[in-house]
2 protein chains.
Amino acid sequence: MSGDDTAAPQHFELGPFAFDSGYTLPGARLAYRTFGELNAARDNAVLFPHMYSGNSSSLEALIGEGRALDPSRYFIILPDQFGNGLSSSPSNTPPPFDRGQFPVVSIADDVRAQHRLVTEHFGITALHAVVGWSMGGQQAYEWAVRHPEVVPRAAIFAATARTPAHNKLFIDMAGELLRSDPAFADGFYADAADVHVGLKRHAMAFTLTSTSTRFFRDEVWRAMGFASADDYGHGFTRGYYQALDPNNLLRQLAKWRAGDVGRNAGGDLAAALGRITGKVVAVAFSDDFFMPVADVAADVALIPGAELRVIDSPMGHFAMFGLMPTDAAAIDEVLAEVLKS
Amino acid sequence: MSGDDTAAPQHFELGPFAFDSGYTLPGARLAYRTFGELNAARDNAVLFPHMYSGNSSSLEALIGEGRALDPSRYFIILPDQFGNGLSSSPSNTPPPFDRGQFPVVSIADDVRAQHRLVTEHFGITALHAVVGWSMGGQQAYEWAVRHPEVVPRAAIFAATARTPAHNKLFIDMAGELLRSDPAFADGFYADAADVHVGLKRHAMAFTLTSTSTRFFRDEVWRAMGFASADDYGHGFTRGYYQALDPNNLLRQLAKWRAGDVGRNAGGDLAAALGRITGKVVAVAFSDDFFMPVADVAADVALIPGAELRVIDSPMGHFAMFGLMPTDAAAIDEVLAEVLKS
């Protein structure tokens, strides 16, 4: 991995930015980090937006010399999504858009901001590829539909072009759990850590559904150094989410829930996905409860020339974290195939 | 269906009853209802304990002339489990065991009480069969292990002999959601309806996981007369749970979580299941998130001569409600096979 990985993110100043929800954020900022160097032809850039609750450093483990995402070959741009605490977010924006009164943001807002970074700031006409997992995959779909000429290839992991109905039920529950803590105070808490009960409940929902029943049945957590299912839930899931800001998570949840590239074609999902001209490889994880194989496959059927890959793993939606070496290898293999195509 | 179905339950007075948790409940009562008549040989009784949140009338739709559970042929005993609001429960017991201070109860406690009803009250030496779904299936396993000579045949639907680890995570979340409502007040609310926010959150968890992603993907709710996934969640799941008592649900959740027939053999599940001498047919529902096929199959592998049946249904764990006519027919077919074997 490049030494860049410990650097603080850079910021692209968007100025006043009008969100799809009809609010203009003054001084909006897009945080991002990069690995590798943009070549003279400006044609080696890989855009890799991140998932729910993550940031531009969350998936660094996938980047490194000898890996598919090789910074000696590609200029890898990792944008931070709105609401993640590094780009403009409830937690870092002054009144009247601070905390509980930060506007609703959309996947399309993220992609519009990223498009300005790519074209205005880096002067890139076409990316080499877009890669994304989960909400990062939603952004990849939005890119491929909105800017087909800029996206010749895409590797999309465990994501759908329109959030499935059952996944919306999960999102609604996760949000309800964050807000269930009286300390949440309609988003006007003094310190995110005060909302620890809401964050705990939110983590319980993720522990239950983010891997799979197979993960717990086969006690896969043992190989990760945990002593019990509860130990995994506490040490990994709860530990991961406990440090985050509830308002930031809620804005991301709303964005995730509303994800639908069909909006680009008057609600017609098939028409929107039919606009994609690049090569799409969509990866489903075999035991994913959030984005089951059948949901990923339904999108693939609507995209010209797209291909479905299924990675068998007990890790469910969380396979992308690479906690199992076999997952990391299978993911790298797909990435290598797509990037070299 | 017999006209009995609208009758109030009867009560078997247990007297002072010592629970496994080490508390003695004075004047404990076991509620139950029956269909059909016990024959002179007292060998036509079918015991059919009910599931979480249910009672002795919940699954009446499975009983009727011409059905497998035919009251003109069998004497069908439907016991109410402790904590369901009809048998001794937090909601109907005087201090010092009322409301939030009702003792922890076990599946084995239910079975010990039912055994007294069957043997002392009805004078039955051997049942014709035990039938159960979910927590009713847990009780069926407990019966078959504890009293193999009394259970010549059992049809067990969507249940396991030991609650799976992933299912415990669900149970923990469901309990946390009930208690999350400040109106829960440590179980000392004046009226169950005051805890409507806790009951709503608890219902959200069930809406998400009690059917399947396939149920929502294929919009199976349409055939049931609902206009959307949210309409189903509100009209069916939330409507169903809203009328129940949170303390009663919490005692049932604790019982469900602790379910483990291995306790009859010093923790050795295989040894306990190896004691079963009756014919067990265990049914898994194809898309059941609570009791996946693999978990049901693992029990079957430990029971001499047991057989696994898988009923394909998008209804998941809730297939037993018979909301889809195909489910009801498939369930009746298995019941007929077992009862006539």
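Numbers restart at 1 for each chain; the letters A, B, ... are given by sequence-line order, proteins then strands.
Within a 6.0 Å sphere centred on CG of Asp191(A), heavy atoms belonging to other residues, nucleotides or ligands number more than 12.
In this structure, CZ in Arg201(B) is found 6.5 Å from CZ in Arg201(A), a value given to the nearest 0.5 Å. In this structure, CG in Leu177(A) is found 7.5 Å from CE in Met204(B), a value given to the nearest 0.5 Å.
Considering Thr207(A), Thr213(A), Thr209(A) in turn, Thr207(A) is the only one that fulfils the side chain to side chain contact (heavy atoms under 4.5 Å, CB included) rule with Leu169(B).
Of the residues considered (Ser212(B), Gly233(B), Pro292(B)), Pro292(B) shows the highest number of contacts with chain A, using heavy-atom pairs under 4.5 Å. In terms of non-hydrogen atom pairs under 4.5 Å with chain B, the most contact-rich of Asp230(A), Thr211(A), Leu208(A) is Leu208(A).
Neither the backbone nor the side chain of Lys168(A) comes within contact range of chain B; no heavy atom of the residue lies under 4.5 Å from a heavy atom of that chain. Residue Ala298(A) does not touch chain B at all, counting heavy-atom pairs closer than 4.5 Å. In this structure, chain B has no heavy atom under 4.5 Å from any part of Phe215(A).
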